[in-house]
Each structure stands twice: as structure tokens, then as C-alpha cells.
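Taking it in order: structure first as C-alpha cells, then the write-up.
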Amino acid sequence: RYSGYLSYNHGSNFMRFATNGGTERMRIDSSGKVGIGTSSPQALTEIVGSNSGGALDALNLRNAGGDGSEVTINMISSTDQTNTAARSFIKSIRSGSNPHLTFGTTNTERMRIDSSGNVGIGCSPSGELHVYQSSGDSNLILQSANGASQVFFGDTASLNVGKIRYDHGSDFMSLTTNSAEAMRIDSSGNLLVGQTSQSPNTVGASLNSNGNISAKRDGGIVGLFNR
């Protein structure tokens, strides 16, 4: 009677490892793929477990060192394992009792998530999202093929109480406050306040790109000018 075994199947050329009364735990198939918890790995290493409705800790990497110790996963796209220019990595860095998680390409850190969950791109973050460019412009690009590009500002009551919107179909930009559009710059460069289209008969005001100013109210003084 055995509790575990190591066997080699000569017909299909795979090796398997078993524990606890002969239950297979790991297999190396004929192409060198390693399966843990599976007998048909689809990648060089595949780990399969089951914990329905709960968490599954599939892999732990631990450095038992003190402050400043690191744990790194390296990905090198080269036949030369020393080619640092082809190295991307994910690294956990211990800082005191808190870890930082960093991501890098071409052997250089590009993004960091600190122990508070703040994200820094090109820097150590000073807020929830911090982007730094050491030379030239720092750009944020929102692109839509057929809709609008939008930035939302939310609170506990509403996810879009404030908004900056660029409509790519009609080429206008609008600003929303208190869940209602407050201002718009149309495709001709006209500034519209309280209006969605330029009209002297609609309540609101417009500053036109040709220099004209128009305003309308339902009652009361339309304009005050002082010098």
C-alpha cells in the first residue's frame, strides 16, 4: 500500500506526481507543460483549484527580509536572459510594514500603487491618481469612435453630479454642475451659458466668436455694465 507515487507514462510521455493515497497533484506533459491540479495544462504552467464562492490562493511569493526587501516577477522578451532592455516586471517593495506594488517596462518603473491604494504613473503618488512627466507635456487622452468623451464628478448621492463632456458627433464641449448642463462651447467657438444653441430668444447668454454678446431673461435686468 502506498500513500503517494511518481510515475512515467511511456505511451503518452507524461510524468505525474501523486499524494494522499494516490491522488494526482501535478503532471508534466510530453511538451514540458506543468499542470498543478489539472492533467491537461494549456500553458507552460497552469494551476487549477476550486473554492466555490470563496478565494483561492494559487501562488505565494515571499521575501522574509526586512525593510526594503523586494519580490519580483520578471518577464523578458529575449533569448538573452540578461537583456534588461527587454525586461518587464511586477515588483512588491516593503517600506516599513507597508508594501508598494510597482510595474515596469524596459527595466524601468512606470507605475506604482502605494500602500494606501494611490496610483502614480511616472512618480510616487501624492493623491489617488498622480501622473508625472519629467520632460515635455503630460497628456490624458479620452477617445471615442462614435460617442462622447466624458469626465464625471460624483458624490454619495450621484455619480455624475458634475461632468465635462465632449460630443464628437456635434463637436461641442459642455460643463455640468448640480446634474444639469451649465455651459457649452459649440463647434463654432461660441460660449453658451444656460443655452444649448445660439438664440437671442432663449433664456441665457452667449458670447459669440465674432465678438457679439447676447442675453435674455424672463424678467428683471438683462445686463449690468460698470466702469
Assert yes or no for the condition that the ring centre distance of Tyr166 to His168 is strictly below 6.0 Å. yes
Determine the sole option in Leu140, Val119, Asn118 for which the side-chain contact (heavy atoms from CB on, under 4.5 Å) test with Leu129 is passed. Val119
Just so I know, are the side chains of Thr102 and Phe89 near enough to count as touching, which here means a heavy-atom distance under 4.5 Å? yes
Looking at [atom1] of [X] and [atom2] of [Y], how far apart are the two atoms once the value is rounded to the nearest 0.5 Å?
{"X": "Ile28", "Y": "Met15", "atom1": "CD1", "atom2": "CE", "answer": "6.5 Å"}
{"X": "Lys163", "Y": "Gln150", "atom1": "NZ", "atom2": "CD", "answer": "4.5 Å"}
{"X": "Asn190", "Y": "Asn208", "atom1": "CG", "atom2": "CG", "answer": "4.5 Å"}
{"X": "Arg94", "Y": "Ser69", "atom1": "CZ", "atom2": "OG", "answer": "5.5 Å"}

Over-ring placement of Arg25 relative to Phe17, 6.0 Å and 45° cut-offs: no
Minimal non-hydrogen separation, [X] against [Y], with atom names:
{"X": "Ser187", "Y": "Ser170", "answer": "CB-O, 3.6 Å"}
{"X": "Asn83", "Y": "Ile76", "answer": "O-CG2, 4.0 Å"}
{"X": "Gln195", "Y": "Ser206", "answer": "OE1-CB, 3.8 Å"}

Spell out, yes or no, whether Leu59 and Val34 are grouped together once hydrophobic residues are joined by side-chain heavy atoms under 4.5 Å, including indirect joins. no
Do Arg184 and Asp186 meet the salt-bridge criterion of a basic N to acidic O distance under 4.0 Å? no
